[in-house]
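Quantities reported herein were computed from a predicted structural model and do not represent experimental measurements.
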Amino acid sequence: KAEGGMRDAQTLLDRLNAFSSERISLAEARQVFGVVGRELFFALSDAVLKHDPQAGLLLLDQAFEQSLDLRAFVTEFLSHFRNLLLVGVQAEGKSAADDKELRRLIEVSADELSRLKSSVTGLSTFDLQRLFDLAQRTADQALASNFPRYVLEAGVTKMATLADLQPLPKIISRLESALRESNGSS
């Protein structure tokens, strides 16, 4: 949250000390700074990927009840869907890049990388790109809106109800294959 500035970090630490008990806990730090844990973003993406808008809306409600820092939330929201996309690209392309390099690129732990991989299993890069595009539009609109919660709710609902589509070249290839098979069996 200090974005690399030592003076900013000191100010944040002083602020945290003023609002905390003797020992500073992660939960207290999150509450003081309005930051939600990554677990919420995993649950939110699970709701989206399972086409469960109601679960997504409940998770957003939980986040907003924590007096979240909107800019931090939107940044993490977009970052999480970026991470899903990059993990999906590596998985689909069977890249030679190892997990360590991917973890460095997306800045996650080994456990989080494993969860991201599990989340994208069976998803195409095409679908992950569509979700990222919607997440980006939602994030941009939420930051510019007087009603960011409404924008986030509408965006997550749209993401969770997004119809499964196939890229046109893939559809054409399947049709050509079916046509060849039907001509061969005639």
Under the side-chain contact (heavy atoms from CB on, under 4.5 Å) criterion, do L162 and D127 qualify, and how do the steps go? CA-CA 9 Å; L162 194 61; D127 285 333; over 6 Å; no
Report task. Just do the side-chain contact (heavy atoms from CB on, under 4.5 Å) check on Q62 and L59 with the steps written out, would you? Result -> CA-CA 5 Å; Q62 289 173 13; L59 288 162; 3.8 Å; yes
Check your understanding: Can you hop from V120 to L105 via hydrophobic side chains spaced under 4.5 Å?
Key -> yes
- Given the rule that I, L, V, M, F, W and Y join up when any side-chain heavy atoms are under 4.5 Å apart, are L57 and V151 in one cluster? no
Got a list of side-chain donor-acceptor pairs under 3.5 Å for residues 136-148, not counting sequence neighbours?
unit_1 : atom_1 : unit_2 : atom_2 : d
T138   : OG1    : L134   : O      : 2.8
S145   : OG     : F147   : N      : 2.7
S145   : OG     : F147   : O      : 3.4

Residues at least two apart in sequence or cross-chain that pass salt bridge (Lys or Arg N to Asp or Glu O under 4.0 Å) with E107, listed by chain then number, are none
For K117, the side chain to side chain donor-acceptor pair (under 3.5 Å) test, sequence neighbours excluded, returns D99
Applying salt bridge (charged side-chain N to carboxylate O under 4.0 Å, His left out) to E101 and R104, what does each step give before you reach the verdict?
CA-CA 5 Å; E101 182 63 23; R104 186 195 62 74; 2.6 Å; yes
Passes side-chain contact (heavy atoms from CB on, under 4.5 Å), L116 versus L86? Steps please.
CA-CA 10 Å; L116 289 165; L86 295 181; over 6 Å; no
Separation between CG (L84) and CZ (R115), nearest 0.5 Å, reads 11.0 Å
Scanning both residues in full, the closest heavy-atom pair of V48 with L131 reads CG1-CD2, 3.8 Å
CG of L168 to CZ of F126, rounded to nearest 0.5 Å, is 9.0 Å
dist D111:CG -> R103:CZ (nearest 0.5 Å) comes out at 9.0 Å
Original post:
Has the side chain of S114 got a donor or acceptor atom that lies under 3.5 Å from a matching backbone atom of A110?
Top reply: no
So the ring pair (Phe, Tyr, Trp, His ring centres under 6.0 Å) pairs with at least one residue in residues 158-183 (sequence neighbours excluded) are none
**OP:** Check step by step if side-chain contact (heavy atoms from CB on, under 4.5 Å) holds for L40 and E76.
**Re:** CA-CA 10 Å; L40 183 125; E76 285 297 317; over 6 Å; no
Taken to the nearest 0.5 Å, the spacing of F132 CZ from N83 CG works out to 10.0 Å
Do L128 and V87 make a side-chain contact, defined as non-hydrogen atoms from C-beta onward lying under 4.5 Å apart? no
Here the ring pair (Phe, Tyr, Trp, His ring centres under 6.0 Å) pairs for residues 44-64, sequence neighbours left out, are none
Between the CD atom in Q90 and the CD1 atom in I106, the distance rounded to the nearest 0.5 Å is 8.5 Å
The single option from F81, F77, F73 that satisfies ring pair (Phe, Tyr, Trp, His ring centres under 6.0 Å) with F41 is F73
Heavy-atom nearest pair, L78 first then A135, reads CD1-C, 3.8 Å
Check: Just checking, is any N or O donor in the side chain of R82 or S79 under 3.5 Å from an acceptor N or O on the other one?
Finding: no
Would you mind writing out the side-chain donor-acceptor pairs for residues 154-161 within the sub-3.5 Å range, not counting sequence neighbours?
unit_1 : atom_1 : unit_2 : atom_2 : d
T157   : OG1    : E153   : O      : 2.8
T161   : OG1    : T157   : O      : 2.8
T161   : OG1    : K158   : O      : 3.4

